> 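What follows is a single structure, and I will ask about it in a moment.
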Amino acid sequence: MEFLLLDFADVAHLQWFLFGLSLVTGIIMLMGNSTIILITKVGLDPQIPMYSFLGNFSLLEITMDSITKQAPKQKCLIVLFSQMEPQKDLVDVNFTSVMEFVLLGFSDFPNLQMFLFVMFLFIYVVTLMGNGIIILITGTDQTLQTPINFSFLEICYVSVTLPRMLVNLWTQKRHISLSACATQMSCALMFGNIECLLLTVMAYDRYMAICNPLPYPLVMNRKVCVQLVSACWITGVPVEIGQTCQIFSLPFCRSNQINHYFCDIPPVLKLACGDIFLNEMMVFTVAVLFVMIPFLLILGSYIKITSTILKLPLATGTAKAFSTCSSHVMVVTLFFGSGIITYLRPKSKNSSRTDKFFSLFYTTVTPMFNPLIYTLRNKDVLMALRKLLP
């Protein structure tokens with residue numbers, strides 16, 4: 001009396017990716033063709049045959065899409081979504097479904113729980129206040145838009161991990177739902193990737209300012225800066241949403257205890273069953289594209305900057321140029337160094353305690369020292385601060 005549409009059941013590990021892809025394409029198709037129909041009916045001359053054909057073609061596209069997705073239109077998406085849970089008639093192995101995880105955090109130091117809570121609370125407050133002050137003082141100066149975007153990003157980044165860690169340390173209730181874990185992982189990776197790209201943009205800005213000072217005001221104008229920052233945000237978001245969906249489409253049949261203080265990729269993948277080779281290759285590829293390549297670009301830019309500075313006469317401000325770049329170099333060293341060790345270290349050398357230690361640098365230490373570095377080592381920010389203070 002009925003059929004069973006298998007759809008893409010033979011690629012069970014890609015169900016989240018296919019769900020997101022179908023949802024995005026469906027929305028774009030509907031909005032795009034509806035816009036064309038509206039424009040051809042209202043804004044264009046209906047007597048021109050091409051415009052009439054175009055409107056009818058868009059209506060046909062909407063009708064065809066509605067047929068393939070059936071009524072209601074979201075039926076295809078619902079089928080994909082339902083396939084994200086193991087189906088008894090499609091999966092031969094009966095996995096035990098994990099509905100929540102336990103973040104072990106620093107539970108191996110039971111006598112230091114209160115000390116860790118006070119320490120991380122202090123770090124979180126300092127981070128919020130410091131980066132908030134930078135946003136305030138640079139908001140009054142249109143020439144300091146990169147620090148304000150970087151500080152806003154740091155606040156978002158640290159707020160993904162530290163609040164939950166503080167709650168876990170205070171209550172000792174370390175449970176986190178599957179959806180909350182996926183959301184935390186997606187946001188942490190997304191903000192981390194954006195920060196890598198934004199640091200690269202900042203290195204390019206310093207390169208242009210020092211190595212090409214004459215065309216610098218024209219090349220790095222406000223419009224270009226806005227475009228570069230927007231590109232960083234737009235690029236980092238879809239990649240990590242897709243990667244997170246791919247990871248959480250895996251069955252988790254082992255322990256539900258994550259030996260970390262937040263849902264990071266390496267400890268979560270350790271709990272997955274089945275073949276995770278594709279996921280590991282995806283992690284490696286993303287790490288190379290968003291960590292290693294930006295780090296090499298930044299390294300190359302600062303080698304060129306150093307070479308240019310050394311050619312300048314001492315009286316022309318060599319010390320000032322070095323001081324301008326030193327704050328950026330400090331942030332880059334802390335952030336990329338710990339990230340490369342965590343994500344590009346050979347799998348055989350992975351250690352949960354080592355991962356937790358190094359991840360503290362790029363999720364906690366860097367956002368805390370960012371305001372100190374920019375206010376104490378950056379002359380332009382200090383000048384803006386003096387203007388703000390009475």
Side-chain angles (χ1 to χ4, degrees), residues 130-131 133-154 193-236 289-337 366-367 369-389:
N131 285 286
I133 291 173
I134 288 184
I135 292 175
L136 179 64
I137 63 178
T138 55
T140 60
D141 192 337
Q142 296 298 321
T143 63
L144 298 173
Q145 291 304 302
T146 302
I148 189 174
N149 282 283
F150 190 62
S151 295
F152 174 74
L153 177 63
E154 293 285 33
N193 286 354
I194 295 171
E195 184 164 340
C196 291
L197 298 177
L198 193 56
L199 286 170
T200 308
V201 170
M202 294 167 67
Y204 177 70
D205 174 76
R206 291 300 89 202
Y207 166 78
M208 291 298 300
I210 296 175
C211 300
N212 298 284
L214 293 180
Y216 172 74
L218 297 177
V219 175
M220 296 300 293
N221 55 56
R222 179 174 175 79
K223 180 180 179 181
V224 172
C225 291
V226 171
Q227 291 175 344
L228 289 173
V229 172
S230 300
C232 293
W233 283 84
I234 294 173
T235 305
L289 292 176
F290 286 89
V291 181
M292 182 58 71
I293 292 180
F295 178 69
L296 294 177
L297 292 175
I298 293 172
L299 185 63
S301 67
Y302 277 103
I303 291 175
K304 183 65 175 178
I305 289 172
T306 303
S307 176
T308 302
I309 292 176
L310 292 177
K311 295 178 183 178
L312 297 175
L314 187 61
T316 59
T318 304
K320 177 184 176 181
F322 271 116
S323 177
T324 303
C325 298
S326 61
S327 61
H328 195 186
V329 173
M330 293 173 66
V331 173
V332 166
T333 303
L334 281 174
F335 187 78
F336 281 96
T366 300
F369 282 108
N370 171 48
L372 299 177
I373 291 172
Y374 270 99
T375 55
L376 297 179
R377 304 288 297 174
N378 190 297
K379 183 178 179 180
D380 294 332
V381 176
L382 280 175
M383 293 178 61
L385 179 60
R386 292 192 187 101
K387 294 178 181 179
L388 184 67
L389 296 176

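Not measured: the values here are computed from a predicted model. Computation of the quantities below employed the complete heavy-atom set of this structure, encompassing side-chain atoms and omitting hydrogens, waters and symmetry-equivalent molecules.
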> Determine, step by step, whether Ile293 and Leu297 satisfy the side-chain contact (heavy atoms from CB on, under 4.5 Å) criterion, reporting the C-alpha distance in whole Å, the side-chain angles of both residues, the deciding distance to 0.1 Å, and the verdict.
CA-CA 6 Å; Ile293 292 180; Leu297 292 175; 4.1 Å; yes

> Nearest 0.5 Å please: distance from the CD atom of Glu195 over to the CG atom of Leu153.
5.0 Å

> Looking only at heavy atoms, what is the nearest atom pair of Val332 and Leu199, with distance?
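Val332 and Leu199 have their closest heavy atoms at CG2-CD2, 4.4 Å.
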
> Can you see which heavy atom on Ile134 is nearest to which on Ser151, and at what distance?
CG2-OG, 3.1 Å

> Checking Asp205 side chain against Met220 main chain: does a donor-acceptor pair fall under 3.5 Å?
no

> To the nearest 0.5 Å, what is the distance between CG (Leu228) and CE (Met202)?
12.5 Å

> What closest approach, in Å, do Pro294 and Leu289 show between heavy atoms, and which atom pair accounts for it?
CD-O, 3.2 Å

> If we only count heavy atoms from C-beta on, is the Asn193 to Leu197 side-chain gap below 4.5 Å?
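No - every pair of side-chain heavy atoms lies 4.5 Å or more apart.
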
> Provide the closest heavy-atom pair for Phe336 versus Phe290 in the form atom of the first, atom of the second, distance.
CE2-O, 4.4 Å

> Go through the structure and list residues passing side-chain contact (heavy atoms from CB on, under 4.5 Å) with Tyr207, not counting sequence neighbours.
Tyr204, Cys211, Asn212, Ser301, Lys304, Ile305

> Report yes if some heavy atom in the side chain of Asn221 is under 4.5 Å from a heavy atom in the side chain of Val224; otherwise report no.
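Result yes, sub-4.5 Å side-chain heavy-atom pair found.
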
> Side-chain contact test, heavy atoms from C-beta onward, threshold under 4.5 Å: evaluate it for Ile303 versus Leu299 and give yes or no.
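Side chain of Ile303 against side chain of Leu299, heavy atoms only: contact under 4.5 Å found.
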
> I need the minimum non-hydrogen distance between Ala203 and Ile298, along with the two atoms involved.
CB-CG1, 3.8 Å

> Could you report the tightest heavy-atom contact between Thr200 and Cys196, atom names first, then the distance?
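Answer, listing the atom of Thr200 first, then Cys196: OG1-O, 2.8 Å.
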
